[in-house]
A.B. asks: 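Have a look at this one.
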Amino acid sequence: MISENIKNILNEQINKEFYSAYLYLAMSAFFDKMGLYGFANWTKVQAREEVDHGMIIFDYMIDRNTPVQLKQIDIPDTDFQNPLQVFEKVLDHEKYVTSSIDSIAKLSLDECDLATLNFINWYLKEQIEEEKNTTDIITKLKLFGDEEASLYLINEELQKREYKKHEYS
Ligand code: OFO
């Protein structure tokens, strides 16, 4: 049986994952408007992965016979100016999500809920990848992003990202 504290923190995390999807969709719309379709594609694919992250927690709670409480999703930040500034926001956001996942791991440990600890381990690994992918894009933007030709090439690279349903493993 999942404790009240774990139930609450998992419900909050579902909300954070769906907020992440909203945030990436807002970014995708911004890039689309700028004509940066590769950036728009990358952020839209990420939005779909965030929905998968939320659904994986949803399914875990159902499997553990724990009540799911869907909370209101905040309006995402839309103060976007240019690709570098947007990806810096992405990194800040993903660091915030990493700290929430860390809190779930810590609470699971404190409460000796080893099943949830084992479950959340997948998210800990996922966050390492998300922060790394974002940092790589920021590095490229800082090195080359000011030149139009380079921005075009980065945009082409981001266009290649394809959505694959994120499966829990
Ligand atoms: Fe769900 O990892 Fe990003 O936010």
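Scope of the values below: all heavy atoms of this structure, side chains included, with no hydrogens, waters or symmetry mates. Indexing begins at 1, ligand by ligand and atom by atom, following the structure's order.
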A.B. asks: Does a donor on one side chain sit under 3.5 Å from an acceptor on the other, for E94 and T134?
C.D. replies: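 The criterion, which ignores hydrogens and geometry beyond distance, is not satisfied for T134 and E94.
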
A.B. asks: State yes or no: are the ring centers of W42 and Y37 separated by less than 6.0 Å?
C.D. replies: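 Distance test on ring centres: not under 6.0 Å, no.
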
A.B. asks: Using side chain to side chain donor-acceptor pair (under 3.5 Å) as the criterion, list what pairs up with T116, not counting sequence neighbours.
C.D. replies: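 With neighbours one apart ignored, the set is Y60, D113.
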
A.B. asks: Are E131 and Q127 close enough that a side-chain donor and a side-chain acceptor fall under 3.5 Å?
C.D. replies: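 Absent: no donor and acceptor within the cut-off.
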
A.B. asks: For atom 1 (Fe) of ligand 1, how many protein N, O or S atoms lie at less than 2.8 Å?
C.D. replies: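 Protein heteroatoms (N, O, S) closer than 2.8 Å to atom 1 (Fe) of ligand 1 number 3.
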
A.B. asks: Classify the side-chain pair Y123/D102 by whether it contains a donor and acceptor separated by less than 3.5 Å.
C.D. replies: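 There is no such pair between these side chains.
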
A.B. asks: Answer with yes or no after comparing the ring centroid distance for H93 and Y19 against a 6.0 Å cut-off, counting only values under it.
C.D. replies: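 Yes - the distance between ring centres of H93 and Y19 falls below the 6.0 Å cut-off.
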
